[in-house]
There are 2 protein chains.
Amino acid sequence: MGQNDQRHRNKNKIPMVVIKRLPLYHRYLSLLASRDINRISSAELAAKVGITPSQLRQDLSWFGSFGQQGYGYRVQELLGEISKIIGIDQAVPVVLVGAGHLGKAIANYQNFERKGFVIKAIFDNNPGLIGLVVNGLKIRNITGLKHYIQQEKIEMGIITVPAEVAQQITDEMVAAGIKGILNFAPISLNVPSDVTVEHVHIGDSLMVLKYMINHSKIKEEE
Amino acid sequence: MGQNDQRHRNKNKIPMVVIKRLPLYHRYLSLLASRDINRISSAELAAKVGITPSQLRQDLSWFGSFGQQGYGYRVQELLGEISKIIGIDQAVPVVLVGAGHLGKAIANYQNFERKGFVIKAIFDNNPGLIGLVVNGLKIRNITGLKHYIQQEKIEMGIITVPAEVAQQITDEMVAAGIKGILNFAPISLNVPSDVTVEHVHIGDSLMVLKYMINHSKIKEEE
DNA sequence: TAGATTGTTAATCGATTAACAATC
DNA sequence: TAGATTGTTAATCGATTAACAATC
């Protein structure tokens, strides 16, 4: 922070590769914070996440200056800044649609809260599931989805419904004001251009893994 | 294919970005094949996957020449070649460890087989789960894991156990001969250098999504 | 102060795109 | 054959790394 925040490169062209490294930094900084470490240099942090110190400093410089010459970074402060950049400095409310095995697994996934996300409601259309409680949340009737999203002004949703109904659910969510969807259904979702979809392709990860097994470590990554 | 396979660039440095696009090509080619489309040009396929024709042809050229001037690519043939490159031309056997909600969700995920992977066995340590049948597979006692992997010469495993036991399970799997692990447990796994781990970070996807919502589409991707 | 380490500019490296001769 | 489209080489663009002056 300081007197020179305005000379940074045009924020409208921050590269996607940089954005994708933010969660990585967040993860390691959280780890350090949980161990009550309160100071770290770019060299140390970079070593931990497996990149060069230059890249770490270069990445951060897209957003501002958060360190101090001769000292390094204050862990809590940098973690806070990165959280702000990502937009998780305030807990982000999320709806989960689909309370099958995958939905339940996600609802029970404790880590979300630590990452800044809170599942506020779970929806399903199965009468056998509606009313059941998962991780303290009663499964709601899907008929109330739209109203809930509007009422609570939720912007993010996670879809774990079968592929056949995923597009329909998406349309409802979008109509209600959802701006980002994490999609687990194995189908491409059509959304307007102001809505972002991240598709979780587990098959892709398996394929990359299989390739790497066969060709034993082509090039480092992650 | 043909008379000039040997002039390709050193296969030992195929860039990771290229490998990561292979599943994308595989997915769209599968789609085309399922629609009985049997011819496609690099221009058409590239448009579908959202890249330039140059990039598609450049990517493929790392592995060989699979097209025909003036014609394009035979969908089935190219799909087959890409499957071979990834290593999924023969069904790849996989073990799944952890039969909780996430494990069950994955075991029921029909898409795996279409992607070239077959879950051959599911393991858990919970007596209440052992013996239950999920998607036609009886949940086995975790005590038999090592023996099964060795016996069946399985190279890939999916871990959906709680974080507390993930490392221990990993060690067992590695000792039994597993070469690649898809890890869903929120913990970094230590493995020898000849074993590859792909970590599924759902939190990362949510963070990138949240950033993109706030900054409404920085740069295209996926 | 002297030593350490940042933020940034410049140099390098790698990936993407353009262009086109080869050829089906 | 004429038209289309590949595979590849060369040009461009972007991302990573190196280097260092600024400064805590």
Side-chain angles (χ1 to χ4, degrees), chain A residues 1-22 24-25 38-47 49-75 77-78 81-82 218-222, chain B residues 1-22 24-25 38-47 49-75 77-78 81-82 218-222:
Chain A
M1 296 209 262
Q3 61 280 71
N4 51 1
D5 298 61
Q6 52 284 356
R7 54 107 190 72
H8 295 300
R9 312 171 194 72
N10 178 358
K11 294 202 177 184
N12 285 337
K13 51 182 178 65
I14 296 175
M16 198 62 197
V17 280
V18 173
I19 307 302
K20 290 201 169 173
R21 279 191 293 264
L22 295 178
L24 191 64
Y25 302 150
N38 46 53
R39 181 205 155 259
I40 192 142
S41 67
S42 61
E44 290 172 285
L45 183 54
V49 306
I51 60 171
T52 61
S54 280
Q55 184 166 55
L56 174 59
R57 295 202 301 274
Q58 187 72 281
D59 280 0
L60 293 178
S61 83
W62 284 96
F63 305 101
S65 344
F66 311 113
Q68 198 174 301
Q69 284 102 325
Y71 180 83
Y73 303 86
R74 284 172 223 286
V75 171
E77 188 186 311
L78 185 55
E81 293 290 348
I82 288 178
I218 298 316
K219 243 185 166 181
E220 325 303 86
E221 257 236 313
E222 197 214 17
Chain B
M1 297 208 262
Q3 61 280 72
N4 51 2
D5 298 61
Q6 51 285 355
R7 55 109 189 75
H8 295 300
R9 311 171 195 70
N10 179 359
K11 295 202 177 184
N12 285 338
K13 51 182 179 65
I14 295 175
M16 198 63 197
V17 280
V18 173
I19 306 303
K20 290 201 170 176
R21 278 191 293 264
L22 295 178
L24 191 65
Y25 302 150
N38 45 53
R39 182 204 154 262
I40 192 140
S41 66
S42 60
E44 289 174 285
L45 183 55
V49 305
I51 59 171
T52 61
S54 280
Q55 185 167 53
L56 175 59
R57 296 203 300 276
Q58 187 73 281
D59 280 359
L60 293 179
S61 82
W62 284 97
F63 306 102
S65 345
F66 310 113
Q68 198 174 302
Q69 285 103 325
Y71 179 83
Y73 302 86
R74 283 172 224 286
V75 171
E77 188 185 310
L78 185 55
E81 293 290 348
I82 288 179
I218 299 316
K219 242 185 165 180
E220 326 301 86
E221 256 235 318
E222 201 218 14

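Throughout, a chain's letter reflects where its sequence line sits, starting with A, and its residues are numbered from 1. The model shown is predicted, which means the values in this text are computed figures rather than measured ones.
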Q | Residues which pass side-chain contact (heavy atoms from CB on, under 4.5 Å) with B:Ala43, listed by chain and number, not counting sequence neighbours | A | B:Ser41, B:Pro53
Using atom [atom1] of [X] as one end and atom [atom2] of [N] as the other, report the distance to the nearest whole Å.
X       : N      : atom1 : atom2 : answer
A:Ile19 : D:dA15 : CD1   : C1'   : 14 Å
A:Ile51 : D:dT17 : CD1   : C1'   : 11 Å
A:Lys13 : D:dC13 : NZ    : C1'   : 12 Å
A:Asp59 : D:dG14 : CG    : P     : 17 Å
A:Leu56 : C:dG7  : CG    : C1'   : 12 Å
B:Lys20 : C:dG14 : NZ    : P     : 18 Å
B:Gln58 : D:dT9  : CD    : C1'   : 9 Å
A:Ile14 : D:dA15 : CD1   : P     : 12 Å

Q.
For a quick test of reading the model, state the closest non-hydrogen atom pair linking A:Tyr25 to A:Gln55 and the distance between them.
A. OH-O, 4.4 Å
Q: Please report the shortest heavy-atom distance between B:Trp62 and B:Ile14, naming the atom on each side.
A: CE3-CG1, 3.8 Å
Could you give the distance from [atom1] ([X]) to [atom2] ([Y]), rounded to the nearest 0.5 Å?
X       : Y       : atom1 : atom2 : value
B:Leu60 : B:Gln58 : CG    : CD    : 10.0 Å
B:Ile82 : B:Glu77 : CD1   : CD    : 11.0 Å
B:Leu78 : B:Ile40 : CG    : CD1   : 9.5 Å

Q: If a pair satisfies salt bridge (charged side-chain N to carboxylate O under 4.0 Å, His left out) and one of its residues is in residues 49-69 of chain B, list it, with sequence neighbours excluded.
A: B:Arg21-B:Asp59
Q: Mind checking which stems touch DNA chain C? I mean at least 3 consecutive Watson-Crick or G-U pairs, both distances under 3.5 Å.
A: C:3-24 with D:3-24
Q. Has A:Gln55 got a side-chain N or O lying under 4.0 Å from the OP1 or OP2 atom of D:dT16?
A. yes
Q) Just to confirm, is there a sub-4.0 Å distance from OP1 or OP2 of D:dG7 to any side-chain nitrogen or oxygen of B:Ser61? A) no
Q. Any side-chain heavy atom of A:Leu56 within less than 4.5 Å of one from A:Val49?
A. no
Q. Looking across every strand, which nucleic acid part, if any, lies under 4.0 Å from A:Ser54 by heavy atom: base, sugar-phosphate, or nothing?
A. base
Q: Identify, with sequence neighbours excluded, every residue that meets side-chain hydrogen bond (donor to acceptor under 3.5 Å, both in side chains) alongside A:Gln68.
A: A:Arg74
Return the polar atom pairs (N/O with N/O) between nucleotides 4-6 of chain C and the protein under 3.5 Å, or none.
residue : atom : partner : partner atom : Å
C:dT5   : OP1  : A:Arg39 : NH2          : 2.8
C:dT5   : O4'  : A:Gly70 : N            : 2.9
C:dT5   : O2   : A:Gly70 : N            : 3.2
C:dT6   : OP1  : A:Ser42 : N            : 2.6
C:dT6   : OP2  : A:Ser42 : OG           : 2.5

